[in-house]
Amino acid sequence: MTIPVTALDQPLPAELTGRDHGWFTRYRRWPVFSPAWARGRLWRMALILGSVFVVLVLTVLTNDNPADRPWPGIAELVLTLTGPALLGPALGVWVRRQRWDERREWWALLLAILAVVAATQAFHAWGAEPLKQFIAERTGNVDEHGKRRRIVMLIGMTIRSPDDEAEPHSGTRGSDPDDPASQISNFVTRAGVAFLLAGGLGLRGLRREREGLAALARERALAEAQAQRREAELRLSVLAAQVEPHFLFNTLAGVRSAIATDPARAAEMIDRLVEYLRAAIPRLRSDGSAQATVGGQFEIVRAYLGLMAARMPRLGWSVQAEEPLLRHRFPPLMLISLAENAVKHGVEPKIGPARVDVRAERSEDGRLALVVEDDGAGFGASAAGTGLGLANIRERLAQLYGDRAALTLKARPGGGVSATITVPLEEAEA
């Protein structure tokens, strides 16, 4: 996938770069050849190269003979290292800002880096000698003919003229810089160093970055598809529980039975059924939005429990929440699913009076907690159900909030079950 220009100013996803970066590797959180990446890399290069130059200068200053101090060579080394380190990333940033397709961009970056390598070699071929001659004349590092004195620097060992004899015990002479083998070796070494300093490894990093972003995009698309599937399953399961023929038939059968013996109760059941359907069906079509609130979910649960209490007079219930909590966001369909579980698996199997209480409160850590409690038959009393609804709730919470939300179930000391959904406290937009 191609990163748009605007994305070059944004850090890469933490799933791709990791979260633990010290000062030295922090710039790798940004896209390769982005401005932030280039600046971060430059500062770290400056620290490394600056340390090398300081050590080199201090070593040179220890030479008691000023004529043997290789200032021309040091100047050449400074330009050889700093030039590619500055030019390569700068050209890379310019190339990425052109928004070319991936293949063209990669080849353009490669050509830019090779151009920096070629410029470095051209400097050594035609510009290095005049520069060193100029510096040698001003530092007194010339022979009787006015030509600069050639000095070979062996870092960490000695600084000597190339024509000097080697140590007597070695039996060899100093290497000749004009020797063809030395010239080839120096050419290859300079090209390799220039390639790396100009960002040669960044090309490999860019390829890995693109592969990682493409893989991450596929993972996110898959996760989103799975989340949509789970939400659809949850909606279907709730819809089936709310409007399935069994549910309607039981309610209508209760109405028919009560008409002859208790007309007032029959009328109440019809009113409750109408109230429930008015509350539930429109929200099943629209509550997939992020603006579903505690108040909206409580309205459905209140209508549902009222209908169940009209069908089963032995059921007592309550729905309670402080007014400010009703305006906070809460995912749709989850609360009604817990209420249905409490009635189906707790109240119906129990003989005698039973109760379901629903409330909203703040948890000890400041999150929003919605609790559904019953004093019914408890765990294992009902063989019905597959647990799919609870599994869908947990997966949906993980998709929406990660580890900031949870569904917990626990047995109550006096019998029954307490189910709690905890989510971050987020007030819905007006």
Side-chain angles (χ1 to χ4, degrees), residues 234-287 292-321 323 326 330 332-360 370-378 381-385 389-390 412 414-419 421:
L234 180 59
R235 283 175 171 275
L236 289 174
S237 65
V238 173
L239 179 61
Q242 291 175 340
V243 299
E244 64 180 352
H246 178 72
F247 173 82
L248 293 176
F249 289 163
N250 283 350
T251 302
L252 294 176
V255 171
R256 183 176 182 276
S257 174
I259 287 176
T261 59
D262 192 350
R265 178 167 167 264
E268 181 186 0
M269 290 177 64
I270 293 176
D271 291 341
R272 293 288 189 177
L273 178 60
V274 172
E275 178 185 352
Y276 171 71
L277 293 177
R278 283 177 175 172
I281 292 179
R283 294 185 183 278
L284 284 173
R285 292 195 298 263
S286 62
D287 266 4
T293 62
V294 174
Q297 302 310 301
F298 268 29
E299 183 179 345
I300 300 177
V301 172
R302 187 178 290 108
Y304 172 77
L305 292 177
L307 177 58
M308 292 298 100
R311 281 182 49 191
M312 297 181 292
R314 64 187 179 90
L315 172 62
W317 61 277
S318 68
V319 177
Q320 299 177 346
E323 182 66 26
L326 297 178
F330 189 80
L333 306 176
M334 295 184 182
L335 189 62
I336 183 64
S337 183
L338 293 185
E340 290 171 349
N341 277 345
V343 171
K344 186 174 183 179
H345 304 297
V347 174
E348 290 183 354
K350 181 180 179 180
I351 300 175
R355 185 172 183 83
V356 175
D357 295 303
V358 181
R359 66 179 184 274
L370 267 64
V371 183
V372 178
E373 293 181 338
D374 68 79
D375 60 356
S382 174
L390 297 179
R412 302 180 66 195
V417 175
S418 176
I421 296 179

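Nothing here was measured: the structure is a model prediction, and the numbers come from that model.
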Evaluate the side-chain contact (heavy atoms from CB on, under 4.5 Å) criterion for residues Val356 and Val372: first the C-alpha distance (whole Å), next the side-chain angles of each, then the deciding distance (0.1 Å), finally the verdict. CA-CA 7 Å; Val356 175; Val372 178; 4.2 Å; yes
Any side-chain heavy atom of Met312 within less than 4.5 Å of one from Val343? yes
dist Tyr304:OH -> Ile336:CD1 (nearest 0.5 Å) comes out at 6.5 Å
Considering all heavy atoms of both residues, which atom of Val347 and which atom of Leu315 are nearest to each other, and what is their separation? CG2-CD1, 4.0 Å
Which atoms form the tightest heavy-atom contact between Val255 and Ala266, and what is the distance? O-CB, 3.7 Å
Taken in chain and number order and not counting sequence neighbours, the residues that satisfy side-chain contact (heavy atoms from CB on, under 4.5 Å) with Val319 are Phe298, Val301, Arg302, Leu305, Trp317, Val358
Note, Asp375 side chain near Lys350 side chain (heavy atom, < 4.5 Å): yes
Gln297 and Pro332: which non-hydrogen atoms are nearest, and at how many Å? OE1-CA, 3.6 Å
Using the test salt bridge (charged side-chain N to carboxylate O under 4.0 Å, His left out), find all partners of Arg314 that sit at least two apart in sequence or belong to another chain. none
Interatomic distance, Glu299 atom CD to Leu326 atom CG [nearest 0.5 angstrom]: 11.0 Å
To the nearest 0.5 Å, how far apart are CD1 in Ile270 and CG in Leu307? 11.0 Å
Rounded to the nearest 0.5 Å, what's the gap from CE on Met308 to CD on Glu340? Could you check? 8.5 Å
The criterion is salt bridge (charged side-chain N to carboxylate O under 4.0 Å, His left out); which residues satisfy it with Glu373, sequence neighbours excluded? Arg359, Arg412
Go through the steps to decide whether Ile421 and Leu335 satisfy the test side-chain contact (heavy atoms from CB on, under 4.5 Å), and finish with yes or no. CA-CA 8 Å; Ile421 296 179; Leu335 189 62; 5.8 Å; no
Are Leu390 and Leu338 close enough that some pair of their side-chain heavy atoms sits under 4.5 Å apart? yes
